[in-house]
Amino acid sequence: MNHSMIEVVFKVEAPIGCGEEIRVIGNVPALGCNDRSRSIPLVCSPATYPWWTTKEGIFLPGEAGAVQYRYCIYSGGKFKCYEGEGNIQRNLDEFKNDKLLVETEDKLHCLSNDSRLSDVSTSLNVKTSLNKVFASSEVRSFRARQFASWSHRVHMDHQLVSQDGVIIVSYFLPVILSKSKEGKWSAAWDGENLLSLQMDMRLIWIGSIRFANASIPVEEEEAVSAVLAEL
């Protein structure tokens, strides 16, 4: 059975560092025509890490050899490098079948001398096999030792009670800010943001807030602080 178009969900295992993200580009318009400024971002969550996937399927030509693609690493929103120094070029031929929807299961090709990625890989081992790592002499990096120490403490006492205090730091607070025609401010928790979930304990929030995609005017900061204190 031959289909002219197939829907593809890109999925890649990529244990990259904090602040980095994975994007995919390819030789067809839907993948940006190899233009990095049009690359497609992949998303990841703590539950799925280190697997990154596109948010939705992308419709691509289904003919053999029609689509070539590769993954890019971005850091702080800026292009950092291609996987494998740009020498990796993938194709969809091996995924072609009678299905209209396919999902790749790639593994990011990294440089063997990339010590940063080596540290991240070590940290993953600490998380999944804690006792084994504590008994191993392979944990040499500061990052891995620090991760192991934190994980050990959390493993020993991971129960939170109402008497505990929690500090939540977020660049943007999960708050929806509104201003009436009369100039009165109001604020409400963003119900679609997981950080806004209320817990039965003392919470201290640290972060910033914006209104209409802009900073709060200095003369309005006191009024905004007052409505935030009421949340």
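Counting begins at 1 with the first residue of the sequence.
The pair E20-K80 meets the salt-bridge criterion, since a charged nitrogen lies less than 4.0 angstrom from a carboxylate oxygen.
Using a 4.5 Å heavy-atom threshold, the side chains of Y74 and P41 count as separate. Using a 4.5 Å cut-off on side-chain heavy atoms (C-beta onward), K11 and W52 make no contact. Residues K179 and E220 form a side-chain contact, since some pair of their non-hydrogen atoms from C-beta on lies under 4.5 Å apart. Considering only heavy atoms from C-beta on, I25 stays 4.5 Å or farther from I40 through its side chain. The side-chain heavy atoms of I168 and I206, taken from C-beta on, include no pair separated by under 4.5 Å. Residues I16 and L108 meet the side-chain proximity criterion, which asks for heavy atoms closer than 4.5 Å. In this structure, L173 and S208 have side chains that are not in contact, with every pair of non-hydrogen atoms separated by 4.5 Å or more. Inter-residue side-chain proximity for D106 and R90 is flagged as met; some heavy-atom pair is nearer than 4.5 Å.
Taking the centre and axis of the six-membered ring of F172, the NZ or CZ atom of R210 falls outside the cone set by 45° and 6.0 Å.
Judged purely by atom type and a 3.5 angstrom limit, E222 has no side-chain atom pairing as donor or acceptor with the backbone of E219. Counting only distance, with no hydrogens or angles, the side chain of N27 and the backbone of Q68 share a donor-acceptor pair below 3.5 Å. A distance-only check finds no donor-acceptor pair linking the side chain of T48 to the backbone of C44 [under 3.5 Å].
Across G57 and E7, no two heavy atoms sit closer than the pair CA-OE2, 3.5 Å. Residues V175 and A187 come closest through the heavy atom pair CG1-CB, 3.9 Å. Considering all non-hydrogen atoms of both residues, P61 and V67 come closest at O-CG2, 3.6 Å.
With values rounded to the nearest 0.5 angstrom, C72 atom SG is found 6.5 Å from R70 atom CZ. Between S178 atom OG and K184 atom NZ the span is 12.5 Å, to the nearest 0.5 Å. Rounding to the nearest 0.5 Å gives a distance of 10.0 Å between OG of S186 and CD of E230. To the nearest 0.5 Å, the span separating CD1 on I167 from CD1 on I204 amounts to 5.0 Å. In this structure, CD1 in I73 is found 12.5 Å from CZ in R23, a value given to the nearest 0.5 Å. Rounded to the nearest 0.5 angstrom, I6 CD1 and L60 CG are separated by 6.5 Å.
A chain of hydrophobic side-chain contacts below 4.5 Å, direct or via other Ile, Leu, Val, Met, Phe, Trp or Tyr residues, connects L228 to I216. Under the 4.5 Å side-chain contact rule for hydrophobic residues, V28 and V24 share a cluster. In the hydrophobic cluster analysis, where Ile, Leu, Val, Met, Phe, Trp and Tyr join through side-chain heavy atoms closer than 4.5 angstrom, W51 is grouped apart from V9. Cluster annotation: V224 and V218 are assigned to distinct hydrophobic clusters (Ile/Leu/Val/Met/Phe/Trp/Tyr, side-chain heavy-atom contacts under 4.5 Å, transitive).
Taking the centre of each ring, W185 and F211 come in below the 6.0 Å mark.
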- Message: Walk me through whether L92 and Y69 qualify under side-chain contact (heavy atoms from CB on, under 4.5 Å).
- Response: CA-CA 8 Å; L92 291 175; Y69 67 97; 3.6 Å; yes

- Message: Before you tell me yes or no, could you show the steps for V8 and T104 under side-chain contact (heavy atoms from CB on, under 4.5 Å), namely the whole-Å CA-CA distance, both residues' side-chain angles and the distance that decides it to 0.1 Å?
- Response: CA-CA 7 Å; V8 180; T104 70; 4.1 Å; yes

- Message: As a quick check of understanding, evaluate side-chain contact (heavy atoms from CB on, under 4.5 Å) for Y82 and R36, giving each step before the final call.
- Response: CA-CA 10 Å; Y82 291 111; R36 294 201 304 263; 3.3 Å; yes

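Heavy-atom neighbours of E56 CD from other residues, nucleotides or ligands within 6.0 Å: at or below the threshold of 12.
By the 30° and 60° cut-offs, the orientation of the rings of F10 relative to Y71 is perpendicular.
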